[in-house]
Amino acid sequence: DVQLVESGGGSVQAGGSLRLSCAASGLSYSSYFMGWFRQAPGKEREGVASFDTGYSITYYADSVKGRFTISQDNAKNMLYLQMNSLKPEDTAIYYCAARLAYGLGSDRALDYTEYNYWGQGTQVTVS
């Protein structure tokens, strides 16, 4: 069974940085897409960044490009999201997610409806 556990959220002032971690079990990074998604109160869940572990390709939402970096440590089954230059509009619950790579096109890499394994989320608050 696949299990994803996020950590590293918290409160930070605007312009600051946070590093989120996702510990994964029950999957192979070479066979999955993994990604970070977020949901703010009253808003739909949106894709932030994702990683094709088979081809080592990354995808970013325009709103975070140049500020956020997704990376992995395959040996430790960890996924990370380095968030710099944080803005109040980045405030949300951040989720780690995964899905089998087979059948997922690159134009859907940030579509949350394509992912079926989810962590519990970690709160990020920027003020």
Side-chain angles (χ1 to χ4, degrees):
D1 191 27
V2 174
Q3 185 174 15
L4 306 173
V5 181
E6 304 95 333
S7 62
S11 298
V12 65
Q13 62 186 346
S17 298
L18 285 173
R19 182 178 173 87
L20 305 183
S21 299
C22 174
S25 62
L27 57 79
S28 171
Y29 283 106
S30 64
S31 301
Y32 284 81
F33 273 73
M34 299 192 71
W36 290 97
F37 300 79
R38 66 187 182 187
Q39 189 164 20
K43 294 186 177 181
E44 191 174 8
R45 190 167 298 187
E46 63 176 346
V48 175
S50 65
F51 193 99
D52 179 350
T53 61
Y55 290 91
S56 298
I57 299 172
T58 57
Y59 306 87
Y60 294 96
D62 289 340
S63 60
V64 307
K65 196 171 297 182
R67 299 189 297 124
F68 292 8
T69 303
I70 189 171
S71 62
Q72 69 165 6
D73 185 338
N74 192 33
K76 297 182 178 180
N77 293 130
M78 297 289 292
L79 185 75
Y80 304 99
L81 184 68
Q82 178 66 47
M83 305 185 295
N84 298 326
S85 301
L86 283 162
K87 305 174 181 179
E89 49 263 47
D90 294 319
T91 296
I93 300 175
Y94 283 71
Y95 298 90
C96 178
R99 64 153 284 161
L100 288 167
Y102 179 81
L104 183 63
S106 60
D107 59 345
R108 296 284 194 176
L110 295 175
D111 184 347
Y112 77 92
T113 66
E114 296 282 0
Y115 290 75
N116 59 326
Y117 298 110
W118 293 88
Q120 83 289 348
T122 185
Q123 178 71 46
V124 172
T125 302
V126 185
S127 62

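In this text, all values refer to a predicted model and were calculated from it rather than measured experimentally.
In this structure, the side chains of T69 and L81 stay at 4.5 Å or more apart for every pair of heavy atoms. Between L86 and T91 there is no side-chain heavy-atom pair separated by less than 4.5 Å. When side chains are defined from C-beta on, V126 does not count as touching K87, because their heavy atoms never get closer than 4.5 Å. Looking at C22 and Y80, their side chains never come closer than 4.5 Å, going by heavy atoms from C-beta outward. Using a 4.5 Å cut-off on side-chain heavy atoms (C-beta onward), R38 and D90 make contact.
Listed by chain and residue number, Y60, D62 satisfy the side chain to side chain contact (heavy atoms under 4.5 Å, CB included) test with K65 (two or more places apart in sequence, or in another chain). Judged as a salt bridge (charged side-chain N to carboxylate O under 4.0 Å, His left out), and not counting sequence neighbours, the contacts of R99 are E114.
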> Does the side-chain contact (heavy atoms from CB on, under 4.5 Å) test come out yes or no for V2 and L4, once each step is laid out?
Replying inline: CA-CA 7 Å; V2 174; L4 306 173; 4.3 Å; yes

> How far apart are the C-alpha atoms of Q3 and D1, what are their side-chain angles, what is the distance that settles it, and do they pass the side chain to side chain donor-acceptor pair (under 3.5 Å) test?
Replying inline: CA-CA 7 Å; Q3 185 174 15; D1 191 27; over 6 Å; no

>> If you apply the rule side-chain contact (heavy atoms from CB on, under 4.5 Å), what do you find for S21 with E6, and how did you get there?
In response: CA-CA 6 Å; S21 299; E6 304 95 333; over 6 Å; no

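Aromatic pair Y115/F37: centroids less than 6.0 angstrom apart. Checked against a 6.0 Å centroid threshold, the rings of W36 and F68 do not count as neighbours.
Side-chain heavy atoms closer than 4.5 Å link hydrophobic residues (I, L, V, M, F, W, Y) into clusters, and following such links, possibly through other members, connects L110 to Y55.
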